[in-house]
Amino acid sequence: MRHHAGVTDSGAARLTAWVHGHVQGVGFRWWTRSRALELGLVGSATNLPANRVEVVAEGPREACEKLLAALRSGETPGRVDFVAEQWSDPKGGLTGFVER
């Protein structure tokens with residue numbers, strides 16, 4: 001039984017993460033794209049106002065969780081102060097992983 005979207009242990013999921021901190025102009029999106037591609041995920045990393053980057057990734061739930069852990073790992077370029085996350089069902093239609 002599913003309680004809400006994106007909670008299944010297996011199968012595909014969509015992760016949306018908002019990364020706050022010193023994450024613009026430091027290679028953060030490129031680094032995120034590299035990690036996502038290693039994990040076989042599709043999606044995007046987009047600069048937002050107020051020194052935030054929005055990361056959208058779709059693929060296996062476990063791979064999305066690994067990407068989220070990487071964003072929080074302290075090994076990113078720049079400095080991550082906080083990562084907010086939202087899980088949902090995949091929407092599809094994404095190809096590759098792009099920087100915006």
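Side chains included, hydrogens not; waters and symmetry mates left out as well; all remaining heavy atoms used. Index from 1, following the sequence.
For the pair A45 and V53, the tightest heavy-atom approach, listed with the atom from each and the gap, is CB-CG1, 4.3 Å. For the pair G43 and L94, the tightest heavy-atom approach, listed with the atom from each and the gap, is CA-CD1, 4.0 Å. V19 and F28 make their closest contact through CG1-CZ, 3.6 Å (heavy atoms, listed as atom of the first residue, atom of the second, distance). Between P90 and A13, the shortest heavy-atom distance links the atoms CD-CA, 3.9 Å.
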When the side chains of residues 74-85 are checked against the rest of the protein, which donor-acceptor pairs come out under 3.5 Å, sequence neighbours left out?
{"from": "R79", "atom 1": "NE", "to": "D81", "atom 2": "OD1", "distance (Å)": "2.7"}
{"from": "R79", "atom 1": "NH2", "to": "D81", "atom 2": "OD2", "distance (Å)": "3.0"}
{"from": "E85", "atom 1": "OE1", "to": "R72", "atom 2": "NH1", "distance (Å)": "2.9"}
{"from": "E85", "atom 1": "OE1", "to": "R72", "atom 2": "NH2", "distance (Å)": "2.9"}
{"from": "E85", "atom 1": "OE2", "to": "W87", "atom 2": "NE1", "distance (Å)": "2.6"}

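Residues that satisfy the side chain to side chain donor-acceptor pair (under 3.5 Å) test with N51, not counting sequence neighbours, are absent from this structure.
In this structure, CG in L67 is found 11.0 Å from CD in E65, a value given to the nearest 0.5 Å. Residue R52 holds its CZ atom at 9.0 Å from CH2 of W18, rounded to the nearest 0.5 Å. Here CG of D89 is found 9.5 Å from CD of E58. Values are rounded to the nearest 0.5 Å.
Annotation: side chain of L68 is in contact with side chain of L15 (closest heavy-atom distance under 4.5 Å). Residues V42 and F97 have side chains not in contact (no heavy-atom distance under 4.5 Å, counting atoms from C-beta outward).
Sorted by first and then second residue, the ring pair (Phe, Tyr, Trp, His ring centres under 6.0 Å) pairs involving residues 34-69 (not counting sequence neighbours) form an empty list. Residues in residues 21-43 take part in these salt bridge (Lys or Arg N to Asp or Glu O under 4.0 Å) pairs, two or more places apart or across chains: R35-E38. Pairs passing the ring pair (Phe, Tyr, Trp, His ring centres under 6.0 Å) check and including a residue from residues 30-49, sequence neighbours excluded, do not occur.
Distance alone, capped at 3.5 Å, is enough to place a donor-acceptor pair between the Q24 side chain and the L48 backbone.
Taking Ile, Leu, Val, Met, Phe, Trp and Tyr as members and joining any whose side-chain heavy atoms lie under 4.5 Å apart, directly or through other members, V56 forms no hydrophobic cluster with any other residue.
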